[in-house]
Amino acid sequence: MSIIYIIQSLLLIAGAPLFVGSLRRLKAVLRGYKGAPVLQPYYELMKLFSKGRVLSGNSSFITSIAPAIVLAASILLAFTVPVAYIGSDYGLGNIFVIIFLMAILKFMTVLIGLDSASAFGGMGGSRELFISMFAEPIGFLTAAFLYFEAGSFNIIEITYINSRGIAEPAAHIMAAVAFLLWIAAENTRIPVDNPETHLELTMIHEAMLLDLSGRDLAYFELSTYLKLTVSMALFVNAFIPFGIAASASGSFLLTAFVLFVVKMLIMLSMLAVTETIMAKFRLFRAPELLATSFCFALTAIAIVYLH
Amino acid sequence: MEILIIFSILIITSIISFISKNLKFVSISTTCGILVCFLASVRFIVLIRQSDSIAYFGNLVYLDSLNVIQIFIITSVALIAAVYSYRYILNEVMDGEISIKRARIYYFLFNAFVFSMLITAVSNNVMGMWIGLEATTIATSFLIGFHRDKLSLEAAWKYIIICSTGLIVGLVGIIMLIYSAEYGATYVDFSWTSLLQAFSSSNGLYNRIGFTLIFVGLGTKVGFAPMHTWLSDGHSEAPSPISAMMSGVLLNLAMYVILRFYIIVKSFPGLGNLKYLFIVFGLVSLIVSSFSMLKQTNYKRLLAFSSIENMGIIAIGIGFGGFWGIFGALLHSVVHAFGKSLLFLGAGNLLSALKTKRIEKVNSLVRLMPKNAVFLIIGMLIIVGSPPFATFFSEFSILNAGIQQGHYISAGIYLLCLILVFAGFLNIFIRMIFKNPEGKEYVKLEKDNENIWPLVLSLAFVVLITITFSNYFVTILEKAVSIIGI
Amino acid sequence: MLSYLSKFFMDDFLSVFFLFIIILIAIPVSVYSTGYIKKYRNIYSGRYFWIMFGLFVLSMIGVVMSSNSISFMVFWELMSIASFFLAIYDHKNRESIKPGIYYFVLTHISGLFLMMMFGFIYKYTGSIDFTEIVHSRGMIQEPWIIFILALIGFGAKAGLLVSEGSSFCAIHKFPSMLSAMMSGVMLKVAIYGFIRVTFFLMGGVSWESGLAVMLLGTVFAIYNIINALLQNDNKKLLAYSSSENIGVIFSVIGLALVLYDLKLYEAAIMALTAGLFHSLNHGVFKSLLFTGAGSALFATGTSNMNELGGLHAKMKFTAICVFIGTAAISCIPPLNGFASESLILVSFIKSSFLLDSKKLFLVVILCGCVIMLASGAAIFAAVKAFGITYLGKARSEKAVNVREIPRSMNVGMAMLSALSILFGIFSPFIVGMISIGLSESILETKYIVQPFGYEITRVAILLFGIIILILLVSRILDKGKKPQINSTWGCGFDTSKPNMQYSGDGFSQPVARYFGRMAGYKKESKVKDTILLKQKTTDKLENNIYMKLIYFTNFLAVRVVKIHYGKIQLYVAYILVAVILSLILVINFV
Amino acid sequence: MLEILTAVILITAIIMAGFRRINLLTKGFRIQSLAIGLLCFALGYLSGESHYYVIGVLTLITKTVLIPHFMNRSIKELSANREMDPIINGWWSSVIAGIFIAVIYVVMEGFNSDFIIAGVVLLVTGALMLVARKKAITQMTGFLVMENGLVLLELSMIKMGLLIDILIILEVLLISAIMAIMIFYINKVFHSVNTDYLSNLKD
């Protein structure tokens, strides 16, 4: 049975650049210009793979192994999150493993930033860690909420139980909003950091990757795409899991897969709309944003538990 | 029979120190004399292990396990001091500080001091004890003023005035006690054993007044807080072997005399809470000495204050009572005697090598005098009560007794003062031994390996007690505790 | 002979587990210190160090294995003596004496509190042997006195009440192998003592006291990690972060105490297993980081971050080991930090779900959030320590001409990093073993704690597999093209100067703005021809409470010394006053 | 006969409390010890026991002859033979001595024989002299007055063995000899006997 898991994860990995490409395309359309083709990320990756690698003079062993670790972590992340099928039990999928796999990405990117001995790497690294420091409790609270709701830490069991019905819809929505804000902070999307900016002093995530080129940059780009799609998939499965296929028969799988794609598109459009409407917060306002999502999560737990 | 040997030898040695001109002969004869007394005291210990108590000369001399311990301490510390003063006095004479005549007077007074201490320890007669204490005051007053400079004369004058006033108050107390003993019964001779029985019929009020006067009077000799002022001056000015003997042995002896009277008064009904006297004075002396140790600038005064502090601990131990309390107090007094003599003799080596008593002037001893530094550290660890040595067990059992009897507040103050003493000692000793000011280069002094043997001897005694602590030594202590009574 | 010895020694699970920790960390650290001693070879005698080191380890084993209160106290004081003489081993440099003295006084204070605690236990149970105390456990009337004394006694020594970085327990000022042993092992001995007294001797305490321990642990965890974040000295940062981890361990033990009192035995065993497993892991990766900081100090002569940088070039192997250590402390999955941190968080969530009182549930959840915040800040601090010292360009002359490190230091660190990887991968088996041992010795029933099943091992193997796969692929990809070496991109400016990089203060600047007041953070900047920016952090807790205590004792001491006024008439008057006063007291009260 | 002697003792005690000149002090002490010696003879005569006579002779020898001889020898080199500025001046010390004596009589009304009370009075006035005066020699005389008080107490309260009495008297002799020698040395080193110089062991 785990073959289906592997297939759906491979699909997820392949689909990640497509997801980001369509996101960029949608934002361009919203802004009124035609924008790059949806497959643009694939072309970028192919271009980067063919280019040569330029290393900075004082880079250490970190620059050689970090891209591999980051890509491996994001691929493993993709394996832990179910897409359409949640049939038999499957060894991976604990929420804490997912949260801390994302921590690997953050940890390695910060070290890469510091390794290149440039001012921007250090700046991006300190800002990234500063924001993620405030994001950690929200991850903890969402894990607690999902445990209270579904009684287990494994994402597959959670999706299975949630897909059969939600006990407290109000709490569920509050937790969903909190988790969305957590995704924005974790993937440094718009309210916290503007991914498309080229002003080094305002960047957080890209500032650390300024010094990478060729294959390393390709690995990092792929891992950022993967991280975004996996977080979205995690949100979709944990919070709007209806219609996911419990048994391995073809019809259920197909409907579940189609539903998953539709849900992802909805999330995509929501993300694109928020990114075009809102501007990037000042660095020291971002923790207040995370504080609001902390309150959301806390009220969600209070509602669930106190009844 | 051994009693006769001890006293005759001491008289002979003190006469020798008068007659013979040759200093070496005098010092060797004193050391051998005290060695014989030490062997006699070991003989007494063996005797006492079998029978509970022995009386000689028609009940004038009475030995039981309590004063056998005191005799053992007196003779052994005197032996250590004699071995130390052989080299010490020779150096003083060679340096020209004192003349041969004064050195011989030193030995005469030394023998007189040991002789009078043994009288106090041995005598069964109550007045005999007091006279022995008075004799020690006489013998040591000139020893404190031995160097004849401004400070030692001042210390000697203070010593003799304060101690003799204290002893007068003590004598008034003794007279009051005997007066109350005779209140009901007929003629009472002054032997301690008969006083013990005569106490059923005596008058309660006079007992209490008598014992308080004795406690405060002899307390000046023990060095309890308000009356301790002579101790810090006397011990810092006296020559080191004498201050080692005084703080190691003389304070214990005075405490032993108070204990004798405490045993008499304790048996009287209704006087059970006289033990609060011990606790209050013990706590006051603990607080005063531990706080003033933090501010010392002269390391011999620091050691003197630590003797006051340890006497406070022993008093609190007896005050808490119970088997553990008194056992801890007796054990503490024994180990403190040797530990303090080790420290004082080490300080003496320091003084003779560096010629200064001020702490700031003594720097990086670890390279200057490494052997003495090691001994000073070990001595500090003994006195402060760290585990490998027996003082740790005694402090632990005194604390147990305190909590057992429910004196929580005094146990709390007791612990606070232990911490302060530990901090004071550490701050000063480790600074002296390890601090090295910039630039100055320190080379090992050759005076370092002089006079190390007495330090080794006293450390050997401490180790001996810690090792034989579990079987041999503890039976004597248990007998002594049963005498004092829980 | 062994039967005679076994009379003195405990052989239940708790002692054997902590004995395992002591030996496990003592071996690599001693290998490391054979190299580190070369720094002092001609100045101090090596024999002195090895005697004291052996005494130190033996006394810790003695504490853990002793079966009655007297031998426990004897080994406890021996431990503090041996660690004191190790601490002032390097007595030539001027500022290692004062911290040694403060440390020794602190350990003596904790020893005396423990003595008082054993005194109370002896008063109620009438025995000093642990097994007898366990049997006559019901006779203890006021357990809260014993609990408070145990908390102060063990807390002071474990770096909970007095944080490791403060000047009282200044682990960062001692030689690095000693600070590695102390923060790695000695703190765990204090935790062993606390668990032994509260769980085994007293059979659990009231849930209010357990709650107090949890809150105390959490507050101290966040307080210490903020202090750690704002430090610039490598070893001081590590010292503060080790008392943060101790705070986390104490909060989990507090949680276990609460659950044990509310009869939720399984959850209590899980929380206690989390605490024990985290103390094992913390011992491993904290001694690894301390030995790393020690080798940086050995090579460059300074542990100040702003003078180091770019050490990876000359100390490649140490850099790798410290990288593994930093990854472990920041809970990166395959390593042991993640295993115990996730177990702690899981036990927080699971136990809060079982609690029926609403107030307690809220407190436990909030403690969990604060601990998660603290672990986020721990990642920040660890990355700052590793990144600023090892990566980037050398910031000062010291970091350029680096001394060669003896091989044995690297061997020691390699052993520790291998241990941390192994404990990470095989953590489910270890957690299972600990939980069985604990449940048998406390509950007499067998209960296995497996929150993650064997998932962590599976994740670890998969991760290594994928990494190797990717490395192979990239090896094939750039077979032809060799990577060009060029200078770092600096928007066109010349970035050769080292101070273009981020300094230690700069890296933790955002946190200083948010949490600065908590750590007494003061920044002053002078603008002359060049801009001079200086920052200073003072340990608030230490200054406000402990320093005030010291001033007060000095104040009293000055007053008391005045008693010796020198006048003889005054002294005689003292005696007469004492006579009159005691007469009045005795006649009225006795 | 006994009442006269107690009266003489009390008078000398009160006067000595007020004295300033040192040679007057030694004369006062001599008269007081003479009175005590005669008191012993009287007691011996009344109770018929022989050892009182021995004690009487001994106190007379030591207290009236030997000790004053020591004091005079050490006074000879003294430049100023008067207590310059005592802590409590003459007037005040006599008033305080009077108050103390009244308090003693009130407190000690339980004891029948007035020798005991005289002994305690001597003790208290001796202590007062010790505390209130600055010269070392006056402190010594204060101390010896306390000794006399002690002897009085012994005689009246308990029947002591002969050997012990002799030893106590010998003790007192030795102490006063030592004090005299020490005063001699203090005078040689400090060139004065004022105890203000003896106060630099403060710490």
Side-chain angles (χ1 to χ4, degrees), chain A residues 49 52-58 60-62 68-69 71-73 75-76 79 91-92 94 96-97 100-101 103-104 107 110-111 114-119 122-123 125-127 129-130 132-137 139-141 143-144 147-148 153 200 210-211 215 219 283-284 287 294 301 305-306, chain C residues 310 312-313 316 319-320 327 330-333 338 342 345-346 349 353 358 361 365 368-369 372-373 375-377 379-380 383 387 391-393 451-452 455 458-459 462-463 466-467 470-471 474 477-478 481 483-491 495 500-502 506-511 513-514:
Chain A
F49 273 115
R53 287 169 66 223
V54 178
L55 298 178
S56 90
N58 39 40
S60 68
F61 66 93
I62 298 267
I69 295 175
L71 189 60
I75 290 167
L76 193 63
F79 276 104
L92 293 169
N94 190 308
F96 281 109
V97 169
F100 280 105
L101 278 177
I104 294 188
F107 179 74
V110 169
L111 284 182
L114 281 169
D115 192 25
S116 58
S118 78
M123 181 172 59
S126 97
R127 287 178 181 167
L129 286 176
F130 172 63
S132 76
M133 189 169 105
F134 289 102
E136 298 262 338
F140 171 77
L141 283 180
Y147 177 75
F148 293 146
F153 285 107
E200 291 83 0
L210 285 178
D211 235 62
R215 178 170 49 72
Y219 286 160
L283 175 66
F284 290 112
F294 176 77
I301 288 181
Y305 188 69
L306 299 186
Chain C
H312 65 82
K316 184 158 282 307
I320 294 169
S330 3
C331 321
I332 297 303
F338 161 73
S342 51
L345 298 175
V346 158
I349 296 174
F353 189 65
K358 298 289 185 290
F361 157 77
I365 282 291
C369 296
M372 197 58 175
L373 183 70
S375 86
I379 296 176
F380 202 146
V383 165
L391 305 179
K393 214 182 283 180
F452 292 95
E455 185 169 341
R458 231 177 269 124
V459 162
L462 270 175
L463 198 62
I466 297 171
I467 289 172
I470 293 169
L471 284 176
S474 49
L477 265 177
D478 57 11
K481 305 182 275 297
Q484 292 166 352
I485 305 294
N486 207 325
S487 74
T488 324
W489 182 73
C491 306
T495 60
M500 279 285 286
Q501 292 168 97
Y502 245 54
F507 199 73
S508 58
Q509 197 59 38
V511 174
R513 184 193 279 255
Y514 253 77

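Within every chain, numbering begins at 1; the chains are lettered A, B, ... in the order of the sequence lines, protein sequences first and strands thereafter. What you see is a predicted model; the values in this text were computed from it and never measured. Side-chain atoms are counted along with the backbone in the values below, which use heavy atoms only and exclude waters and symmetry mates.
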Per-residue tally against chain A (heavy atom, under 4.5 Å) across Gly506(C), Ser508(C), Ser342(C), Pro333(C) peaks at Pro333(C)
What distance separates Ile62(A) CD1 from Ile320(C) CD1, expressed to the nearest 0.5 Å?
9.0 Å
What residue in Ile75(A), Ile104(A), Ile69(A), Leu71(A) has the most heavy-atom pairs under 4.5 Å with chain C?
Ile104(A)
Given the options Gly368(C), Ser375(C), Gly387(C), Gly310(C), which has more heavy-atom pairs under 4.5 Å with chain A than any of the others?
Gly368(C)
Of the backbone (N, CA, C, O) and the side chain (C-beta and beyond), which part of Val97(A) lies under 4.5 Å from a heavy atom of chain C, both, or neither?
both
Can a donor-acceptor pair be found, under 3.5 Å and without considering hydrogens, that links the side chain of Ser330(C) to the backbone of Ile332(C)?
no
Between Ala313(C) and chain A, which part of the residue has a heavy atom less than 4.5 Å away: side chain, backbone, both or neither?
neither
Given heavy-atom pairs under 4.5 angstrom as the criterion, report whether the side chain, backbone, both or neither of Leu141(A) touches chain C.
side chain
Give, as side chain, backbone, both or neither, the part of Phe96(A) having an atom under 4.5 angstrom from any heavy atom of chain C.
both
N/O donor-acceptor pair under 3.5 Å between Asp115(A) side chain and Leu391(C) backbone
no
Checking Ser116(A) against chain C: side chain, backbone, both or neither under 4.5 Å from a heavy atom?
both
Ring pair (Phe, Tyr, Trp, His ring centres under 6.0 Å) between Phe140(A) and Phe294(A): does it pass, once the steps are laid out?
CA-CA 10 Å; Phe140(A) 171 77; Phe294(A) 176 77; 9.6 Å; no
Let's test your reading of the structure: which of Leu283(A), Asn94(A), Leu101(A) forms the most heavy-atom pairs below 4.5 Å with chain C?
Asn94(A)
So which of His312(C), Lys316(C), Arg458(C) has the largest heavy-atom pair count under 4.5 angstrom toward chain A?
His312(C)
Rounded to the nearest 0.5 Å, how far apart are CZ of Phe338(C) and CG of Leu345(C)?
9.5 Å
Distance check, rounded to the nearest 0.5 Å: Ser56(A) atom OG versus Leu210(A) atom CG?
12.0 Å
Just say parallel, tilted or perpendicular for the rings of Phe153(A) and Tyr147(A), cut-offs at 30° and 60°.
parallel
For the side chain of Gln501(C) and the backbone of Gly122(A), is there at least one donor-acceptor N/O pair under 3.5 Å apart?
no
Contact origin within Phe507(C) toward chain A - heavy atom pairs under 4.5 Å
both
So, the part of Asp211(A) with a heavy atom under 4.5 Å from chain C: the answer is side chain
Which answer fits Tyr219(A), side chain, backbone, both or neither, if we ask what part of it has an atom under 4.5 Å from a heavy atom of chain C?
side chain
For the residue pair Leu471(C) and Ala68(A), what are the closest heavy atoms and their distance?
CD2-CB, 3.8 Å
Per-residue contact mode, Leu92(A) against chain C (heavy atom under 4.5 angstrom)
both
